[in-house]
Amino acid sequence: MEDVVVIGAGLSGLTAARQLHQSGYRVLVVDKSRGLGGRLATRRLTRPLGTTAIDHGCRYLEPFNDASLSPMSLLLAAGVLQLWQPETFSLEADGALRVAAPGTLYAAPQGISAVAKALAPGLTIQRHWRATTLTPLSQGWRIAGEPLGAGSQDASDLAQPSPIKARAVVVAIPAPQAAALIAAAAQQHEGLSEMVQQLETVEFEAVITAMAGYSPHQSTSLAAQNVPGGWMVTGDNHPILRWLALDSSKRTDSKEPVVVVHSSAAFAASNIDRSDLEEVGQALLKTAAEHLGPWLKTPESMQVHRWRYGFVSKPLNSLLLASPALPNLVGCGDWCRGGNAEGAIASGHQAAKLIAQALE
Ligand SMILES: Cc1cc2nc3c(=O)[nH]c(=O)nc-3n(C[C@H](O)[C@H](O)[C@H](O)COP(=O)(O)OP(=O)(O)OC[C@H]3O[C@@H](n4cnc5c(N)ncnc54)[C@H](O)[C@@H]3O)c2cc1C
């Protein structure tokens with residue numbers, strides 16, 4: 001039996017797992033994805049001049065409000081993060097582009113998933129394994145799941161015996177997925193059904209992301225702006241575009257321009273279930289081209305990703321999800337409070353503290 005199973009290898013789950021592991025507990029992390037980091041996501045795109053990293057989820061980290069939680073100095077010292085200083089603009093609802101005040105942004109030259117990898121050394125992680133049900137035992141938990149990605153040659157994908165038993169569980173996955181995981185056993189325990197009710201109050205917005213690669217000969221300046229280097233555009237009030245940037249300006253070895261475009265919540269809500277994702281991506285680039293420069297419409301290559309649970313729009317407003325009746329089960333994630341990388345780390349820390357108390 002494990003001491004703790006952490007379900008989800010995003011920033012919150014890895015933070016909790018690392019803290020519990022460092023306190024001497026036997027911890028197993030499981031994640032359904034092949035990579036680590038969840039929404040700290042980096043894709044490798046093969047381009048004519050080589051492979052390039054693209055951040056299609058979390059874009060950068062900003063200075064933390066609570067400096068005691070901040071991994072920034074360690075990550076900067078390790079070369080995982082570096083200051084990213086794009087010229088910054090805001091795209092208004094009427095299409096006007098205005099110069100905006102730059103923030104302090106830290107990007108990862110190797111791709112933002114490097115932040116997750118920096119938290120993982122020493123941890124036992126079963127990737128490609130989706131937890132499907134969670135059942136309370138007289139002492140501890142039974143976690144049933146299924147291996148994904150059959151045929152992989154990766155040794156870390158070897159099938160984990162299912163079910164797994166653990167003295168305690170940290171559920172570090174988006175609230176709607178956590179509700180589905182817990183719901184099956186909710187009738188067996190009042191504490192669980194209360195947790196499901198709380199999880200159901202949390203809301204997420206979807207995001208559709210286009211990653212577009214351009215010719216190395218392409219000038220990547222924005223219309224009516226002379227921007228020789230990196231740029232980023234926020235579209236907080238724009239009906240279609242939430243954010244876009246020259247992602248390749250985060251890299252130290254970039255040879256070809258890559259632009260990442262994140263859609264607004266409204267655009268994602270209307271397009272998330274479409275099967276012709278290529279067309280959805282083209283629509284995002286077409287809108288970007290209308291406001292920011294015609295060259296954006298004609299990439300050499302494009303990939304599209306949909307985030308069903310992208311940004312938290314209604315958080316739980318508590319650092320974690322817990323029930324006094326079930327001290328050895330906690331839920332954590334950015335959906336608890338904060339809705340960003342700092343929120344995920346804060347929640348993961350708190351989850352580890354509570355589980356350590358329960359296991360004393
Ligand atoms: C497009 C986009 C841009 C963003 N930009 C920024 C930014 O610039 N700055 C910032 O601070 N934040 C940003 N964020 C938010 C930030 O990425 C998140 O707040 C943070 O990464 C959330 O971490 P988490 O651990 O809570 O959840 P996640 O990263 O979602 O991790 C959950 C993990 O659980 C796994 N999982 C789910 N279900 C199961 C299951 N049943 N079994 C096993 N594993 C499962 C998933 O594969 C995933 O790895 C952005 C998010 C998006 C989508």
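Both counts, for ligands and for their atoms, begin at 1 and track the order of listing. In what follows, every heavy atom counts, from backbone to side chain, and hydrogens, waters and symmetry copies are set aside.
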What protein heavy atom sits nearest [atom], and how far away is it?
| atom | result |
| --- | --- |
| atom 26 (O) of ligand 1 | Asp334 N, 2.9 Å |
| atom 29 (O) of ligand 1 | Arg39 N, 2.8 Å |
| atom 49 (O) of ligand 1 | Asp31 OD2, 2.6 Å |
| atom 50 (C) of ligand 1 | Phe311 CE2, 3.6 Å |
| atom 44 (N) of ligand 1 | Lys32 N, 3.1 Å |
| atom 45 (C) of ligand 1 | Ile173 CG2, 3.6 Å |
| atom 31 (O) of ligand 1 | Gly10 CA, 3.4 Å |
| atom 23 (O) of ligand 1 | Ala344 CB, 3.6 Å |

Heavy atoms only: which of Arg127, Arg59, His56 lies closest to atom 6 (C) of ligand 1? Arg59

Can you find a pair of side-chain heavy atoms, one from [X] and one from [Y], that are under 4.5 Å apart?
| X | Y | value |
| --- | --- | --- |
| Ser215 | Glu300 | yes |
| Glu205 | Arg242 | yes |
| Trp231 | Leu244 | yes |
| Leu329 | Leu134 | yes |
| Leu105 | Pro86 | yes |

Atoms of ligand 1 close to [X] [distance to a heavy atom under 4.0 angstrom, numbered from 1]:
| X | result |
| --- | --- |
| Gly310 | 51 (C), 53 (C) |
| Asn340 | 10 (C), 11 (O), 12 (N), 19 (O) |
| Gly37 | 29 (O) |
| Ala341 | 10 (C), 11 (O), 12 (N), 19 (O) |
| Leu11 | 23 (O), 25 (O) |
| Tyr60 | 7 (C), 8 (O), 9 (N), 10 (C) |
| Gly333 | 26 (O) |

[X] to ligand 1, any heavy atom closer than 4.0 Å:
| X | answer |
| --- | --- |
| Ala41 | no |
| Leu181 | no |
| Trp129 | yes |

Among side-chain atoms of Gln126 and Thr124, is any donor-acceptor pair under 3.5 angstrom? no

Are a donor atom and an acceptor atom from the side chains of Arg59 and His262 found within less than 3.5 Å of each other? no

Taking heavy atoms and a distance under 4.0 Å, where does [X] meet ligand 1: side chain, backbone, both or neither?
| X | answer |
| --- | --- |
| Gln177 | side chain |
| His262 | side chain |
| Ala172 | backbone |
| Ile7 | side chain |

Taking NZ, NE, NH1 and NH2 as the nitrogens, is one of them in Arg127 or Asp31 under 4.0 Å from a carboxylate oxygen of the other? no

With a 3.5 Å distance limit and no angle check, can you tell me whether [X] reaches the backbone of [Y] through a side-chain donor-acceptor pair?
| X | Y | result |
| --- | --- | --- |
| Asp66 | Ser68 | yes |
| Asp55 | Cys58 | no |
| Trp295 | Ser221 | yes |

Heteroatom distance test ([X], ligand 1): nitrogen or oxygen, under 3.5 angstrom:
| X | result |
| --- | --- |
| Ala131 | yes |
| Ser12 | yes |
| Ser33 | yes |

Could you check Lys165, Arg26, Arg167 and say which one makes a salt bridge (charged side-chain N to carboxylate O under 4.0 Å, His left out) with Asp3? Arg167

Give me the one residue out of Leu45, Thr52, Val260 that meets side-chain contact (heavy atoms from CB on, under 4.5 Å) with Asp247. Val260

Report the residue from Leu40, Leu36, Asp334 that forms a side-chain contact (heavy atoms from CB on, under 4.5 Å) with Leu11. Leu40

Specify whether Tyr60 and Trp84 have parallel, tilted or perpendicular ring planes, treating 30° as the upper limit for parallel and 60° as the lower limit for perpendicular. tilted

